[in-house]
Amino acid sequence: MATLQKKLAQQIPVLREELKVLAKELGEKKISDVTVAQAYGGMRGIKGMICDTSVVYPDKGLIIRGIPIMDLREKWPEEIFYLLLTGELPDKAAFKALQKEFAERSSVPKYVWDVLSAMPKDSHPMAMLDTAVLVMQKESEFVKAYNKGINKSEYWEPTLEDALNLLAKLPGIAAGVYRMRFNKGKRIGYKKDLDWGANYARMLGIPDKSGVFAKLIRLYLTLHCDHEGGNVSANTCHTVGSALSDAYYAVSAGLNGLAGPLHGLANQECLGWILDTMKLFKGTPTPEQIRQYAWDTLNGGKVIPGYGHAVLRVTDPRFSAFLAFGKEYLPEDPVFKTVATVYDVVPDVLKEHGKAKNPWPNVDAGSGSLLYNFGLKEFPYYTVLFSVSRAMGMLAQLVLNRAMGTPITRPKSVSTQWVKENIK
Ligand code: AMX
């Protein structure tokens with residue numbers, strides 16, 4: 001099988017032809033109607049963009065290029081990035097080639113550390129990560145090629161270069177943020193003969209004699225990689241990228257969205273919620289105590305983090321994958337046990353409460369408890385881990401959109417006055 005670059009070079013002309021035919025034959029057909037409620041309600045459910053890397057079905061969860069995420073949980077993140085971009089899993093040679101690409105591009109410019117060191121010591125780790133990505137914008141190969149007047153049909157090639165450069169550096173930057181922000185001592189360098197995920201685990205500096213923590217990090221990176229095109233981070237990255245802003249601008253913008261508590265920050269909030277129950281009830285809480293705490297949360301006008309979803313209407317399979325990992329490797333851990341009990345109790349509470357359309361857990365409900373067990377206890381950091389993974393999806397979408405020549409995003413807004421006058 002061909003390397004990622006060669007594979008895409010073969011696929012892209014075919015894809016373009018397909019799109020030309022589709023646009024000609026189906027261009028005038030409708031795929032969605034929009035209600036006033038949807039226009040006021042975060043555009044929920046409106047089909048208004050194309051994303052080929054993955055699909056989220058309300059009753060099945062995440063499907064990557066036709067493969068349910070549960071069937072991919074043993075795959076390594078490098079394989080997932082190849083799959084997101086090409087629709088195929090790499091063979092051994094292509095997989096190794098991609099791993100080598102990441103290793104060769106992994107060195108982080110010194111100025112990144114200088115900028116991060118100058119930030120306030122209490123900066124949020126996500127603010128540090130986003131700043132690091134943005135400050136590397138000057139490295140963009142896309143910008144260099146664009147300024148030289150590259151043909152539009154070739155935009156995807158330097159965008160892929162940017163994607164590979166950025167992904168290769170992200171584990172080092174993210175681990176550096178961890179060590180700097182939480183006073184863990186000197187940074188640990190990228191080991192070129194290790195895979196991308198194990199490198200990240202190693203550079204964090206968490207002791208891992210058994211290799212299970214590296215397994216967890218690989219799983220984490222695999223499970224969070226993408227969630228179709230309309231979620232806040234992917235959609236933001238896409239919108240910014242559609243102005244031909246480069247990958248650094250676009251991914252940094254997407255990550256700023258991921259940093260919100262209703263999106264990626266939920267994992268930090270989830271573990272906080274779990275630990276609060278344990279503190280309140282002085283140990284592993286009983287189902288009844290959790291029920292009481294869940295009601296207190298709801299009656300206090302707050303959401304139960306890790307539960308609910310804009311699209312999903314079943315237990316998120318990514319949560320199930322983490323639950324299975326926990327049951328295999330740390331079934332007796334009190335925090336993990338609490339997560340499992342919360343799963344037994346909270347859906348019924350949310351059903352009874354009657355507001356959330358989806359009472360089931362999402363990906364963020366359990367991941368923190370596993371990290372916590374391995375000693376990664378600084379939960380403001382958890383969204384950074386999510387980010388390293390989600391960058392794969394954002395970047396794969398960006399490369400494909402460049403290849404398809406997707407135009408600048410510009411939906412039409414209407415005013416409340418317009419609604420009053422025109423909708424009867
Ligand atoms: N706890 C309490 N109330 C909830 C709830 C929860 N977990 N999930 C939804 N609701 C409430 C909403 O706040 C909303 O209340 P309102 O009418 O007073 O505004 C009502 O139920 C209807 O919301 P919805 O249509 O079911 O959800 P949504 O599409 O508007 O929002 C989400 C989806 C994820 C933001 C929401 O479920 C939520 O806030 N969950 C908790 C935070 C969380 O886990 N976020 C992570 C999502 C996954 C991710 O991106 N990482």
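Values below: every heavy atom of this structure, side chains too, minus hydrogens, waters and symmetry copies. When a ligand or atom number is given, it counts from 1 through the structure's own listing order.
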Partners of Ser413 by side chain to side chain contact (heavy atoms under 4.5 Å, CB included), sequence neighbours excluded?
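Side chain to side chain contact (heavy atoms under 4.5 Å, CB included) list for Ser413, sorted by chain: empty.
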Which residues share a side chain to side chain contact (heavy atoms under 4.5 Å, CB included) with Val339, sequence neighbours left out
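Listed in chain order: Ile274, Phe319, Ser369.
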In plain terms, say whether Glu328 and Lys215 are close enough for a salt bridge, that is, a side-chain N and a carboxylate O under 4.0 Å apart.
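Salt bridge flag = no for Lys215 with Glu328.
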Write out the protein residues near ligand 1, meaning a non-hydrogen atom under 4.0 Å from one of its atoms, in order of chain and number.
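Its neighbours under 4.0 Å (heavy atoms only) are Arg44, Leu262, His263, Ala266, Leu298, Val303, Ile304, Pro305, Gly306, Tyr307, Gly308, His309, Ala310, Leu350, Lys355, Ala356, Lys357, Asn362, Asp364, Phe386, given by chain and number.
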Is NZ or CZ of Arg402 both nearer than 6.0 Å to the six-membered ring centre of Phe142 and within 45° of the ring axis?
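Positive - Arg402 is close enough to the ring of Phe142 and near enough to its axis.
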How about Trp76 and Leu221: do any of their side-chain heavy atoms sit closer than 4.5 Å?
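No - every pair of side-chain heavy atoms lies 4.5 Å or more apart.
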Kindly write out the residues that satisfy side chain to side chain donor-acceptor pair (under 3.5 Å) with Thr286, not counting sequence neighbours, or none if the list is empty.
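Side chain to side chain donor-acceptor pair (under 3.5 Å) check on Thr286 returns Gln289.
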